[in-house]
Amino acid sequence: VPPPPPGPPAFTGAKLVDDAAHPWRAARKNDIRGPCPGLNTLASHGYLPRDGVASPVQIIEAVQEAFNMENFAARFTTYAAHLVDGNPITDLISIGEKTRKTGPDPPSPAIVGGISNHGTFEGDASMTRGDAFFGDNHSLNEPLFEQFKDFSNRYGDGFYNLTVAAELRHQRILQSMATNPEFSIMGLRHITVFAEAAFPLNIFVDGRTDKPQHLPLADAENFFKDMRFPRGFFRASAPVSSEGVESVFTAHPVPAGRNVGVNNFVPDNRLGGIFDFCLFYTQFINTTIRGLYPNPTGVLRRNLDINLKFMFESLGPTPPCPQVFPWGEN
Ligand code: HEM
Ligand code: MG
C-alpha cells in the first residue's frame with residue numbers, strides 16, 4: 001500500500017546540504033537522469049537513489065531536506081508526476097527515461113514512461129531542454145544554456161533573476177511558437193512552464209544570500225550542467241517553491257494553447273491552466289489520468305485511488321474545487 005507523504009520537517013532553516021554524507025558522484029552508465037535539474041542534482045548527491053528511480057515519499061523527503069521545498073508544492077508536483085509517469089503498483093518513478101527498474105507495467109494505454117515522457121508532465125518551451133518534436137527533450141541543450149547565460153548577462157548583470165526569468169521564459173515560448181508545429185502549453189504545462197522559470201530563483205539560491213532571487217551564473221552552471229551543488233551549498237532559509245511566478249507570468253502573459261502549424265498559436269483552455277486551476281485539476285484527472293487508466297481494477301485501482309487522494313490533499317487546506325473521482329466514488 002503506498003505510504004502517505006511526509007509532512008513538513010521540524011527544522012526548516014538554512015543548513016549545509018553539500019555535506020559529507022552526500023558526496024557528489026558522476027552518474028554511472030546505467031544511472032538515469034532527466035529533464036529536471038533539481039531531481040538530477042539530488043540523485044547525484046545521493047539524496048535520491050543514485051540510479052534515478054525513487055518512490056514519491058523518497059522524492060518529497062529529498063526535496064524538503066536538501067532544497068527546503070515547501071511541503072504542499074513538493075507533494076503536488078510529486079503526485080502529479082507519479083500519477084502520469086510512475087508505476088502505481090510498485091510505487092516507483094524514474095526521474096528520466098522509461099526503465100524496467102520501475103517494475104512490470106500495468107496494461108496499456110498506461111505509459112509509465114518516467115518524467116521524460118513527453119506530454120504527460122514534461123512539455124515544450126523548457127529553458128534548457130529542447131522540445132520533444134526536435135528529438136531530445138531531456139538532456140541539457142548547449143545552445144539553450146548559452147541563451148540562458150546570455151539572458152542572465154543582458155537582463156541580470158550576470159545573475160538569473162526575476163527579470164531574466166520573465167524574459168527568457170517568453171523567449172523560449174516565442175521560439176517554440178515560431179519553429180515547432182506541435183508546440184503545446186495546455187493544462188499542467190501551462191502552470192509548470194511558468195513555475196519552473198521561478199524555481200531556480202528560490203531553490204538554487206544559497207540560503208545565506210544577501211541577494212534573494214539572484215542566482216549567480218556559476219551556481220546555475222553547477223546545477224544545470226554538472227547536476228551538482230555549488231561547493232558548500234546551503235539550502236534556502238525558509239520553505240520555498242515558485243515565489244515570483246506571478247510576475248514572470250504577468251510580464252508576458254501567454255494563454256494556454258497550442259500551435260496548429262508553425263507561427264499559428266491558438267489559445268485553447270480545454271485543459272485549464274493558470275487562469276483556471278479547478279478546470280486544470282478536473283481535466284487532469286478526468287482526461288489525462290483516465291486516458292492512461294480507463295478501467296483499472298484490483299491493486300492498480302486501489303493504488304491509483306490512494307495516489308489521487310494524496311494529490312487532492314496536496315492542493316492545500318482550501319482546495320479550488322471538490323475532489324474528482326475518475327471512475328466513480330467506489
Ligand atoms: C523541470 C519534475 C522538483 C527545478 C522539470 C520537469 C519535470 C520535473 C517532469 C520537466 C518539465 C519540462 O521542462 O518540460 C519535478 C518533480 C519534482 C521536481 C516531480 C518533485 C518535487 C524540482 C525542484 C527544483 C526543480 C526541487 C529545484 C529548482 C526544475 C526546473 C525545471 C524543471 C528549473 C525546468 C528546466 C528547464 O526549463 O530547462 N521538473 N521537479 N524541480 N524542474 Fe523539476
Ligand atoms: Mg520540456
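Not measured: the values here are computed from a predicted model. Atoms within a ligand are numbered from 1 in the order they appear, just like the ligands themselves.
Listed by atom number, the atoms of ligand 1 under 4.0 Å from R129 heavy atoms are 38 (O). Within ligand 1, counting atoms from 1 as listed, the ones closer than 4.0 Å to a heavy atom of P200 are 33 (C). Applying the 4.0 Å criterion to heavy atoms of F204 picks out, from ligand 1, the atoms 27 (C), 28 (C). In the vicinity of I59, heavy-atom distances shorter than 4.0 Å reach the ligand 1 atoms 20 (C). Every atom of ligand 1 is numbered from 1 in the order shown, and the set under 4.0 Å from a heavy atom of F67 is 26 (C).
Remark: T41 OG1 to W24 CH2 distance equals 10.5 Å, nearest 0.5 Å. Rounded to the nearest 0.5 Å, atoms CG (L168) and CD1 (I173) are 10.0 Å apart.
Residue-ligand proximity: T192 is placed with every non-hydrogen atom at 4.0 Å or more from ligand 1.
Comparing A81, G38, A165 against atom 23 (C) of ligand 1, the shortest heavy-atom distance belongs to G38. Remark: among candidates H138, H82, M127, R189, the nearest residue to atom 37 (O) of ligand 1 is M127, based on non-hydrogen atoms. Which of A54, S126, A195, A73 comes nearest to atom 12 (C) of ligand 1 through a heavy atom is settled by distance: it is S126.
With F312 as the partner, the side chain to side chain contact (heavy atoms under 4.5 Å, CB included) test is satisfied by one option alone out of P322, P319, C321: P319. Screening D105, T90, N117 against V112 for a side chain to side chain contact (heavy atoms under 4.5 Å, CB included) leaves a single residue, D105. Applying the side-chain hydrogen bond (donor to acceptor under 3.5 Å, both in side chains) test between R33 and each of S44, S94, S139 identifies S44 as the sole match. Under the side chain to side chain contact (heavy atoms under 4.5 Å, CB included) rule, I306 has a single partner from P3, P2, P4, P88, which is P2.
Look at R258 and D268 and you find a salt bridge, because one of the NZ, NE, NH1 or NH2 atoms lies within 4.0 Å of a carboxylate O, short of that distance. Ion pairing between D305 and K309 fails under the 4.0 Å rule for side-chain N and carboxylate O.
For the pair R25 (side chain) and G46 (backbone), a donor-acceptor distance under 3.5 Å is absent. Between the side chain of Q283 and the backbone N or O of Y281, no donor-acceptor pair lies under 3.5 Å. For R235 (side chain) and E65 (main-chain N/O), a donor-acceptor pair under 3.5 Å exists by modelled atom type. The closest donor-acceptor contact from the side chain of D276 to the backbone of G272 lies at 3.5 Å or more, if one exists at all. Between the side chain of R301 and the main chain of P296, no donor-acceptor pair closer than 3.5 Å is present.
The proximity of L39 to ligand 1, defined as any non-hydrogen pair under 4.0 Å, is limited to the side chain. At a heavy-atom distance under 4.0 Å, no atom of D124 approaches ligand 1. If you look at M69 next to ligand 1, the close heavy atoms, those under 4.0 Å, all belong to the side chain. Residue contacts with ligand 1 for F223 are absent, since no atom lies close enough (heavy atoms, distance under 4.0 Å).
Considering backbone and side-chain N/O atoms, T128 comes within less than 3.5 Å of an N/O atom of ligand 1. For ligand 1, one of its N or O atoms has an N or O atom of G123 under 3.5 Å away. Considering both main-chain and side-chain atoms, T78 never comes within under 3.5 Å of ligand 1 through any nitrogen or oxygen pair.
Of the protein's non-hydrogen atoms, F121 CD2, 3.3 Å is the one closest to atom 9 (C) of ligand 1. Ranking the protein heavy atoms by distance from atom 6 (C) of ligand 1 puts E196 OE2, 3.8 Å first. At the shortest separation from atom 29 (C) of ligand 1 among protein heavy atoms lies P37 CD, 3.7 Å. Protein heavy atom at the shortest distance from atom 41 (N) of ligand 1 is C36 SG, 3.0 Å. Of all protein heavy atoms, the one lying nearest to atom 17 (C) of ligand 1 is T77 CG2, 3.5 Å. The closest protein non-hydrogen atom to atom 27 (C) of ligand 1 is I203 CG2, 3.4 Å. Of the protein's heavy atoms, F199 CD1, 3.7 Å lies nearest to atom 4 (C) of ligand 1.
In summary, no N, O or S atom of R129 is located under 2.8 Å from the Mg ion (ligand 2). Residue contact annotation: D131 places no N/O/S atom under 2.8 Å from the Mg ion (ligand 2). Coordination check, S126 versus the Mg ion (ligand 2): passed, since an N/O/S atom of the residue sits under 2.8 Å.
At least one cation-pi condition fails for K225 and F145: the charged atom is not both under 6.0 angstrom from the six-membered ring centre and inside a 45 degree cone around its axis.
Using modelled atom types, one finds no donor on one side chain facing an acceptor on the other under 3.5 Å when comparing D124 with S176. A donor-acceptor pair shorter than 3.5 Å cannot be found between the side chains of E182 and N259.
For E122, the N, O or S atom with the smallest separation from the Mg ion (ligand 2) is OE2.
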